[in-house]
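Every chain is numbered from 1 and lettered A, B, ... according to where its sequence line falls, protein lines coming before strand lines. These numbers were taken from a predicted model, which means no experiment stands behind them. What's counted below: heavy atoms across the whole structure, side chains too, no hydrogens, waters or symmetry copies.
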Amino acid sequence: MLGAFAEKHGITYTLLSDEGSHAIRELGLLNEQVQDHHAHYGIERRDSVVGVPYPGTFLLDEQGIVTDRRFLDSYRERETGVAILEQGFGIRSSEHGPETRASAPGLQLRAYLDSDGYRAYQRLRLTVELAIESGLHVYAEPVPDGYVALAIDVAPIEGLAVGAMEGPTPRPFTVEGLDEHFLVYDGTVQLSMPLTFTEKVGDREVVVTVRYQACSATDCLIPQAVELRLPLSERNNVESDR
Amino acid sequence: MSTSTQHASFPATDFTRIGPPIGARFPDVRLPDQHGRIVDLHAARGARKAAIVFHRSARW
């Protein structure tokens, strides 16, 4: 069964079969709430679904010690392999969706999604990289009145849930002679946000707007809003394309 | 207070209580792979890092 499944889906990594769910039970991963989860989604009770684990990922170091446990609240929602590699192990994946680049006043922008396709309930990640010119910085929230903080907006798509922006902690910055305190980014900064389609809505373009204001210690450039477009194809989930 | 059950919140799980904790050695696991060979998890990964992904059966 696993052999045919792996061949059909082009899976080359090791798949292990836990017939009878003995290992799942011993590891304490047996999902005893699966019928409640199904009821929440209006799925009929089926006795065949017992014995499944909570879906999630354990990351192990070279000694086999657990360094991270990645579980999502909804069993339907899953991370991509790229997200596990990049966020979990801190290594840059060699594969992701197509990139869009833009040159804008004070910085270069690069944006990409984990994949060029989406599956229902797969948690994709949008990555936006800002390469800020030397001597300049970009403001982060919160900002005093009259300044523009970095913001990344994704144009609404029906069925698309957009999570909060994640990124490095901005550094404090003060201007000599001014009583205002700022938080700023400089150098190269990578920000990301989770995108989850809860339904299939066909092939789409994800339209991302990056708003920012770049300043030096003495001058500010005009605030900008740069639009980046990323194509995304609809993919079938594994259970529905057998 | 809402009486609607349609938008009841998703049944919560305390994931900190599920499976091996952070800082512990992942237990030994020996299971058959997709080619029918028995795989010893720690022997198979050698001295490399590993991501162990749990998901439901390939049967449904």
* Would you say the side-chain atoms of A:R70 pair up with the backbone N or O of B:V53, donor to acceptor, closer than 3.5 Å? -> no
* About how many Å separate CZ of A:F71 and CG of B:D14, when rounded to the nearest 0.5 Å? -> 11.5 Å
* To do: Identify which of A:L59, A:I11, A:L29 forms the greatest number of heavy-atom pairs closer than 4.5 Å to chain B.
  => A:L29
* Proximity breakdown for A:T67 and chain B, heavy-atom pairs closer than 4.5 Å -> backbone
* Asked: chain B heavy atoms under 4.5 Å from A:E79: which part of the residue, side chain, backbone, both or neither?
  -> neither
* Atom group of B:H42 that falls short of 4.5 Å from chain A, counting heavy atoms -> side chain
* Structure fact -> Taken to the nearest 0.5 Å, the spacing of B:K49 NZ from A:F89 CZ works out to 6.5 Å
* **Point-to-point distance, once rounded to the nearest 0.5 Å, from OH of A:Y13 to CG of B:D33** => 13.5 Å
* Contact origin within B:A24 toward chain A - heavy atom pairs under 4.5 Å -> backbone
* Using a cut-off of under 4.5 Å for heavy-atom pairs, which of A:E7, A:E62, A:E26, A:H22 has the most such pairs with chain B? -> A:E62
* chain B interface, residue from A:G88, A:G81, A:G28, A:S21 that has the most non-hydrogen pairs under 4.5 Å -> A:G28
* Are the side chain of A:R69 and the backbone N or O of B:P20 linked by a donor-acceptor pair below 3.5 Å? -> yes
* Between B:V29 and A:L27, does a side chain to side chain contact (heavy atoms under 4.5 Å, CB included) hold up when you go through it step by step? -> CA-CA 9 Å; B:V29 173; A:L27 290 166; 4.3 Å; yes
* To do: Rounded to the nearest 0.5 Å, what's the gap from CG on A:L2 to CG on B:L31? Could you check?
  => 10.5 Å
* Given the side-chain rings of A:Y54 and B:F54, with only the six-membered ring counted for Trp, is the space between their centroids under 6.0 Å? -> no
* Hey, which of A:L30, A:D68, A:I65, A:V66 has the most heavy atom pairs under 4.5 Å with chain B? -> A:V66
* To do: Answer yes or no: is there a donor N or O on one side and an acceptor on the other, between the side chain of A:Q63 and the main chain of B:A47, under 3.5 Å?
  => no
* Asked: Can you tell me if CD on A:E158 sees more than 12 non-hydrogen neighbours from other groups inside 6.0 Å?
  -> no
* Picking from B:I52, B:V39, B:I38, what satisfies side-chain contact (heavy atoms from CB on, under 4.5 Å) with A:L16? -> B:V39
* Heavy-atom distances under 4.5 Å only: say whether B:R25 touches chain A with side chain, backbone, both or neither. => both
* Exercise: identify the closest heavy-atom pair between B:R45 and A:D61 -> NH1-O, 3.6 Å
